[in-house]
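Shown next, in structure tokens, is the structure this report addresses.
Just so it is clear, the structure is predicted and the values come from calculations on it, not from any experiment. All chains are named by letter (A, B, ...) in the order of the sequence lines, taking the proteins before the strands, and each is independently numbered beginning at 1.
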There are 2 protein chains.
Amino acid sequence: MDDALDFSALVLALSGQLVQEIHTTVSQQGFADLRPAHGFAFARISAGGATTADLAEHLGVTKQAAAQLVEELVRKGYVERLPHPHDARARLLALTATGWAATRAADQAARAAVAAWREVLGETRFGELVTDLRRLAPRGPIRPAW
Amino acid sequence: MDDALDFSALVLALSGQLVQEIHTTVSQQGFADLRPAHGFAFARISAGGATTADLAEHLGVTKQAAAQLVEELVRKGYVERLPHPHDARARLLALTATGWAATRAADQAARAAVAAWREVLGETRFGELVTDLRRLAPRGPIRPAW
DNA sequence: TCCACATAGACAAGCTGGTTGACGAGTTAT
DNA sequence: ATAACTCGTCAACCAGCTTGTCTATGTGGA
């Protein structure tokens, strides 16, 4: 009956492996200057309409930290800052072509990792698993947890 | 057919929530000076027979970083360094009574979080979920991933 | 219309948790 | 006996975040 502790460990192990696999693959595909944490920023920026302050809230950090992250991503060529159409103070963040390429690489890596799991479990069981997880996982932004 | 990206997000969200919940509960129970990362150290130390170098390998960091972590946990009263029975260079790490209390608090918090999930899914479905996850999750130490 | 207040982002300083590198003391293998 | 390795420590440094302050711009009520 002590599945509980096991289950916690399993969830942590699984997410750790997922992050690690995506990171490794993305690195190998020529985006070695990106770290796992960047993915969470890409997720928000790719959704569109994000300012630095939006990003800060999404990531759960101060806007200074977000600004620093954006600065880094701009310098590395993944993100650009456009003038905001309605607010002269703000700058609209957008992915560059390189940024989109990195995002696609990460998505594909995630799909590949999941595909392996899907194969292990079989289609039926995998579908049930997704259904179950959907009922458990909280809504809201995905962000680094520790 | 695009469960794949969803699934990744779900796993990350779930583990994030788990970590967050455990951390919050443990903090409230009087261990506010512990952070999620400490849990991974406690896991190794509570298993027994750990030296600082062992801990470093478990956590995947340098031994200097592990030594610093141990120093902090000793200062806060969670860990003690005992002489090593067979090796005069090494020191055996052990949890203090307080360290064990914190470990129990974290375990209980994990159980509580999982219990909530178990209730949502029902006993049967939960059992299947654990079985599935066991087939997917890698072996080896649980460590912070990003 | 004006003004008090809120918000976006920049600048600066400082902290924390990690890194690399070098070392003395102790252990192990040749 | 000695060469090579390992445990833990000291020191310097760095990355990524924090708090605090500031200017420019936007917003809403008297």
Short question: side chain of B/T96, backbone of B/G77 - any donor-acceptor pair under 3.5 Å? yes

Candidates C/dG9, D/dT19, D/dT6 - which lies nearest the side chain of A/R91: C/dG9

Ion pair present between A/E71 and A/R81, side-chain N to carboxylate O less than 4.0 angstrom? yes

Checking C/dG9, C/dG17, D/dT18 against the side chain of A/A65 (C-beta onward), the nearest is D/dT18

Atom pair distance, as rounded to whole Å: CG in B/L82 and C1' in D/dC7: 16 Å

On DNA chain D, more 5' by nearest nucleotide between A/L69 and A/A88 is A/L69

Choose from C/dA8, C/dT27, C/dG17 the nucleotide whose nearest atom is closest to any side-chain atom of B/D87. C/dT27

The nucleotide from C/dA8, D/dC7, C/dG18 with an atom nearest the side chain of B/A53 is D/dC7

What integer distance in Å separates A/D54:CG from C/dA8:C1'? 10 Å

With respect to the side chain of A/Q64, which nucleotide from C/dT19, D/dC17, C/dC11 is positioned closest? C/dC11

Return no unless some side-chain N or O of B/R89 is found under 4.0 Å from OP1 or OP2 of D/dC5. no

Using only atom types and a distance under 3.5 Å, with no angle test, would you say the side chain of B/T51 pairs donor to acceptor with the backbone of B/L92? no

Counting distance only, does the side-chain N/O of B/R143 pair as donor-acceptor with the main-chain N or O of A/G16 below 3.5 Å? no

Candidates D/dT9, C/dT27, D/dT18 - which lies nearest the side chain of B/K63: D/dT9

Describe the nucleic acid contact of A/T52 in one word from base, sugar-phosphate, nothing, applying a heavy-atom distance below 4.0 Å. sugar-phosphate

Between A/L92 and A/Q68, just flag the one whose closest nucleotide in DNA chain C comes earlier from the 5' side. A/L92

Could you check whether any side-chain N or O of B/H23 sits under 3.5 Å from a backbone N or O of B/Q20, counting only pairs where one atom can act as donor and the other as acceptor? no

Using a cut-off of strictly less than 4.0 Å, decide whether B/T51 has a side-chain nitrogen or oxygen near OP1 or OP2 of D/dG8. yes

Among the candidates D/dC7, C/dA8, D/dT18, find the nucleotide nearest to the side-chain atoms of A/T62. D/dT18

Ignoring backbone atoms, establish whether A/R81 has a side-chain N or O less than 4.0 Å from OP1 or OP2 of C/dG9. no

Nearest whole angstrom, please: distance from the P of C/dC11 to the CD of A/E71. 9 Å

